[in-house]
Amino acid sequence: MIEAPFLHCLARHFMSSSTPRHSAPGLDIRHHLIHLLRTALGSVAPGQMDAEILLERPKQASHGDFASALALQLARSLKTSPRQIAERLVRELPPSPWVEKVDVAGAGFINFTLTAAARNAVVHAVLAAGERFGRGSCKDRRLQVEFVSANPTGPLHVGHGRGAAYGASLAALLEFAGFEVSREYYVNDAGRQMDILALSTWLRYLALFGEPLPFPPNAYQGGYVVQMAEQIAAAHGDGYRRPAAAVLAGLPASDDPDLRLDALIASAKELLGAGWNYIHQHALSEQLTDCREDLEEFGVHFESWFSERSLYDTGKVAAAVDLLAAGGHLYEQDGALWFRSTAFGDEKDRVVRRENGIYTYFASDIAYHLNKFERGFDTVIDVWGADHHGYIARVKGALTATGADARRLEVTLVQFVSLFRDGEKVSMSTRSGEYVTLRELRQEVGNDACRFFYMLRKCDQALDFDLDLAKSQSNDNPVYYVQYAHARICSLLAQLDDPAAAGTAAVTTDLSPLCHEREAALCQRLGEFPELIENAARDFAPHALAFYLKELAADFHSWYNAERVLVDDRSLRQARLALALATRQVLRNGLSILGVSQPESM
RNA sequence: GCCCGCGUAGCUCAGUGGAUAGAGCGACCGCCUCCUAAGCGGUAGGUCACAGGUUCGAUUCCCGUCGUGGGCACCA
């Protein structure tokens, strides 16, 4: 999924701490164990020193804290049974103060059981690192994540909401993994859709003054269009009123609704002159402002809002097309200008300039992506709706044709959201204005539940959004489960005389009293966080973080229910408080990446 | 027709080239004189769509079939 240069950075980060550090096993016990295995491998099979040593977390507690299938991997090349290899490897393992015991089990697995001290050490690691626990470091790589980028022709709907939640969480995740990330919204403020919105607004405006005009079925139907018309009427009276007869004069008798709409737009431009620009601009800024506020309230921020129109104004679109032409990648046919994208793996060639002389959206998109590359991002990530799937080949093809490295562009497709109300699928259409907006969803469900709910499905899976369930505020929503764990820990601290002091002291607390099974499980889960971040960032999979947080909360609730934290035994109480504090820290780190709040009480 | 997803417990979905495939919901049985019961423990529930192939090992990778969703504009 991720191209080579990207992987390289993560891999380097991964390897950077592979030197064994006996002083701080909690931070990289994995690498310590890998080092032990590699040392043993040097004795048992020097020729296999390059073999990748995989360590996994066994699903079963009886299989220890870490397991390696190294012996099974080597069986063939060494022509020896896996169990035999495993036993030899175990004999050659250097002694380690952090390993309680090593078993050979099953077909030849090597299972490591850590000492309690090694297992508990993660608590200190978390508390020492604080909000930096789990962070990676890939400082030298700049990424851009472009997402949402919905046409500013109406309120965002729940589908946009998914793209917003996914993109924002992905960007935050990559940032946490150590990349320099810039978030961008591409504003399609040029083109026909905006013209249609302006026309729709004007027609509603004329209707306010009683002009007898039919409202085209393929114009924007939403109530917000009427509102904009009313605003304009309130501010400018009938200044933009024109007789219906004049509007309709000269319209083609065609049955094609699109042709009729284009003719209406042309008529409006002619009748209004500069007034058209005003209405167009008014509609754009109204919708863009609405969109921006909506996203801000949703906790989704952008470093930049990039105007498509600016690409035209600065000649970038024409320049991009010229660049393709100079490379001999364009040809004329039927009056249009075509890009030979089939030469770059696309199914068919694509038009960049229409017969009527107007550039296609594709043309400006080429210019846009060239511009992204010019801005120096190492990797550019586009989050698109799944319906843009067919678009990838042509954009990458165009980039390749201009000599750019298309591998620097990563496209992630987010599948559709289907809404269900009363058990029935809600049909939605942007044009007809019949859809549930993101704002409505947020107001009814709450931002936290919304953000988390969107992350409960991997992005390439269609999401069925049950409105009734989401609106019901029921306990079924896992966000409460995770937040509740956080609130419970805060509640514990609130009962102490000096919560702040407890937090400071926890960093050096003696953890040896932590010896219960559930405490070990919780420590193990905390220790997984850094690698979870690493893998989720590599896979562009913020949903994995949501699932992890559910599991972490489950481990916490289970422990909390079984063991009392505020016991009389001071050393035990301190140790358990430290574990609770570490859990709270990881919950915070994870939830903040997902844009979900961490309430202190519920 | 071609291209891209997806088919895992009754439902909604995770997951993985390795040891007995997991969670939530639903069902059933339990747990508050005790740090928040928005919680916990337990029981039941599976031919990982089907058929081949690669492999020591496939639910995972490859081919095919079936089912299902989406895409195949001089729209954006």
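So you know, we letter chains A, B, ... as the sequences are listed, proteins then strands, and number each from 1.
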Q: Can a donor-acceptor pair under 3.5 Å be found between the side-chain atoms of A:Asp195 and the base atoms of B:A76?
A: no
Q: Considering only the C1' atoms, how many Å lie between B:C56 and B:A38, rounded to the nearest integer?
A: 49 Å
Q: Pick the P atom in B:C3 and in B:C25, then give their distance to the nearest Å.
A: 42 Å
Q: What is the separation between atom CG on A:Leu581 and atom C1' on B:C35, rounded to the nearest whole Å?
A: 14 Å
Q: If you check the A:Ala105 side chain, which of B:A19, B:A76, B:C35 turns out closest?
A: B:A19
Q: Is A:Phe362 touching bases, backbone alone, or none of the nucleic acid, heavy atoms closer than 4.0 Å?
A: nothing
Q: So if I take every side-chain heavy atom of A:Ser558 and compare against B:C40, B:C35, B:C74, which nucleotide ends up nearest?
A: B:C40
Q: Write down the distance separating the P atoms in B:G15 and B:U60, rounded off to the nearest Å.
A: 15 Å
Q: State, without any angle test, whether A:Ser341 and A:Arg394 hold a side-chain donor-acceptor pair at a distance under 3.5 Å.
A: no
Q: Test salt bridge (Lys or Arg N to Asp or Glu O under 4.0 Å) on A:Lys458 and A:Asp539; report intermediate values, then the result.
A: CA-CA 11 Å; A:Lys458 55 183 171 185; A:Asp539 298 338; over 6 Å; no
Q: Within the 4.0 Å limit for protein heavy atoms, which parts of nucleotides 1-14 of chain B are touched? Write it as a string from 5' to 3', B for base, S for sugar-phosphate only, - for none.
A: --BSSS-----SSS
Q: Mind checking who B:C32 pairs with, Watson-Crick or G-U wobble, both distances under 3.5 Å?
A: none
Q: Rounding to the closest angstrom, what is the interatomic distance between B:A19 and B:A58 at atom C1'?
A: 15 Å
Q: For a quick test of reading the model: is some side-chain N or O of A:Arg488 closer than 4.0 Å to OP1 or OP2 of B:A37?
A: yes
Q: With sequence neighbours excluded, what pairs up with A:Arg576 under the salt bridge (charged side-chain N to carboxylate O under 4.0 Å, His left out) test?
A: A:Glu519, A:Glu563
Q: At a cut-off of 3.5 Å, list every protein nitrogen or oxygen paired with a nitrogen or oxygen from nucleotides 24-34 of chain B, distance to 0.1 Å.
A:
| residue | atom | partner | partner atom | Å |
| --- | --- | --- | --- | --- |
| B:C34 | O2' | A:Arg564 | NH1 | 2.5 |

Q: How is A:Asn111 classified with respect to the nucleic acid when contacts are heavy atoms under 4.0 Å: base, sugar-phosphate, or nothing?
A: base
Q: Which base, if any, makes a Watson-Crick or G-U wobble pair with B:A27, both distances under 3.5 Å?
A: B:U43
Q: If you look at every strand shown and take non-hydrogen atoms under 4.0 Å, does A:Ser601 touch a base, only sugar-phosphate, or nothing?
A: base
Q: Hey, are the side chains of A:Thr360 and A:Asp365 touching, using non-hydrogen atoms and a 4.5 Å cut-off?
A: no
Q: According to a cutoff of under 5.5 Å between the ring centres and under 30° between the ring planes, does A:Phe109 stack with the base of B:A19?
A: yes
Q: By nearest nucleotide on RNA chain B, pick out whichever of A:Gly390 and A:Arg394 is the more 5' one.
A: A:Gly390
Q: On a whole-Å scale, what distance lies between the C1' atoms belonging to B:A21 and B:C48?
A: 7 Å
Q: Would you mind pulling out the nucleotide paired to B:G22, Watson-Crick or G-U wobble, both distances under 3.5 Å?
A: B:C13
Q: If the threshold is 4.0 Å, N to carboxylate O, is there a salt bridge linking A:Arg340 and A:Asp346?
A: no
Q: Considering every strand and a 4.0 Å limit on heavy-atom distances, what is the contact class for A:Ala544: base, sugar-phosphate, or nothing?
A: nothing
Q: Select base, sugar-phosphate, or nothing to describe what A:Gln483 touches, counting heavy atoms under 4.0 Å on all strands.
A: nothing
Q: Would you measure the distance from the C1' atom in B:G26 across to the matching atom in B:C11 and give it in whole Å?
A: 7 Å
Q: May I ask you to decide if the ring planes of A:Tyr312 and A:Tyr359 are parallel, tilted or perpendicular, using 30° and 60° as cut-offs?
A: tilted
Q: If only side-chain N and O atoms of A:Thr360 are considered, is one of them under 4.0 Å from the OP1 or OP2 phosphate oxygen of B:A76?
A: no
Q: What contact category does A:Ala393 fall into here, base, sugar-phosphate, or nothing, at under 4.0 angstrom with non-hydrogen atoms?
A: nothing
Q: So what's B:G7 paired with, Watson-Crick or G-U wobble, going by both distances under 3.5 Å?
A: B:C66
Q: When you check the phosphate oxygens OP1 and OP2 of B:A23, does a side-chain N or O of A:Tyr548 lie under 4.0 Å from one of them?
A: no
Q: Within the 3.5 Å criterion, strictly below it, is a donor on A:Gln483 or A:Asp448 matched to an acceptor on the partner's side chain?
A: yes
Q: Can you tell me the Watson-Crick or wobble partner of B:A58, both distances under 3.5 angstrom?
A: none
Q: Enumerate, atom names and distances included, each donor-acceptor pair closer than 3.5 Å involving a side-chain atom of residues 485-496 of chain A, sequence neighbours excluded.
A:
| residue | atom | partner | partner atom | Å |
| --- | --- | --- | --- | --- |
| A:His486 | ND1 | A:Pro599 | O | 2.9 |
| A:His486 | NE2 | A:Arg588 | NE | 3.0 |
| A:Arg488 | NE | A:Tyr484 | OH | 3.4 |
| A:Arg488 | NH1 | A:His557 | ND1 | 3.0 |
| A:Gln495 | NE2 | A:Ser491 | O | 3.2 |

Q: Tell me which nucleotide, if any, is Watson-Crick or G-U wobble paired with B:A37 when both distances must be under 3.5 Å.
A: none
Q: Pick one for B:C32: is it syn, with its angle within 90° of 0, or anti?
A: syn
Q: Distance check, P atoms only: B:G53 and B:G64, in whole angstrom units.
A: 16 Å
Q: How is A:Arg518 classified with respect to the nucleic acid when contacts are heavy atoms under 4.0 Å: base, sugar-phosphate, or nothing?
A: sugar-phosphate
Q: Could you go through residues 549-556 of chain A and list every donor-acceptor pair under 3.5 Å that involves a side-chain atom there, pairing it with any protein atom two or more places apart or in another chain?
A:
| residue | atom | partner | partner atom | Å |
| --- | --- | --- | --- | --- |
| A:Glu551 | OE1 | A:Arg525 | NH1 | 3.1 |
| A:Asp555 | OD2 | A:Arg525 | NE | 2.5 |
| A:Asp555 | OD2 | A:Arg525 | NH2 | 3.2 |

Q: Side chain of A:His63 only, heavy atoms from C-beta on: which candidate in B:G71, B:C74, B:A19 is closest?
A: B:A19
Q: Over 60° means perpendicular and under 30° means parallel, so tell me whether A:His329 and A:Phe339 are parallel, tilted or perpendicular.
A: perpendicular
Q: Have a look at A:Glu355 and say if it touches a base, only the backbone sugar-phosphate, or nothing, with a 4.0 Å heavy-atom cut-off.
A: base
Q: Base, sugar-phosphate, or nothing for A:Asp334, non-hydrogen atoms under 4.0 angstrom?
A: base
Q: Return the nucleotide paired to B:C72: Watson-Crick means purine N1 to pyrimidine N3 with N6-O4 or O6-N4, wobble means G-U with N1-O2 and O6-N3, both under 3.5 Å.
A: B:G1
Q: Separation of A:Glu56 atom CD from B:G22 atom C1', in whole Å?
A: 15 Å
Q: Quantified in whole Å, what is the C1' atom distance between nucleotide B:G7 and nucleotide B:U59?
A: 12 Å
Q: For a quick check of understanding: with a heavy-atom distance under 4.0 Å over all strands, which category does A:Ala107 fall into, base, sugar-phosphate or nothing?
A: nothing
Q: Checking all strands, does A:Glu332 fall into the base, sugar-phosphate, or nothing category for heavy-atom contacts under 4.0 angstrom?
A: nothing
Q: Taking side-chain contact (heavy atoms from CB on, under 4.5 Å) as the test, write out the residues that go with A:Asp387, two or more places apart.
A: A:Phe416
Q: Starting at the 5' end of RNA chain B, which residue's closest nucleotide do you reach first, A:Ala75 or A:Asn151?
A: A:Ala75
Q: Would you confirm whether the ring centroid of A:His543 sits within less than 6.0 angstrom of the ring centroid of A:Tyr166?
A: no
Q: Do A:Tyr368 and A:Phe306 have their ring centres less than 6.0 Å from each other?
A: yes
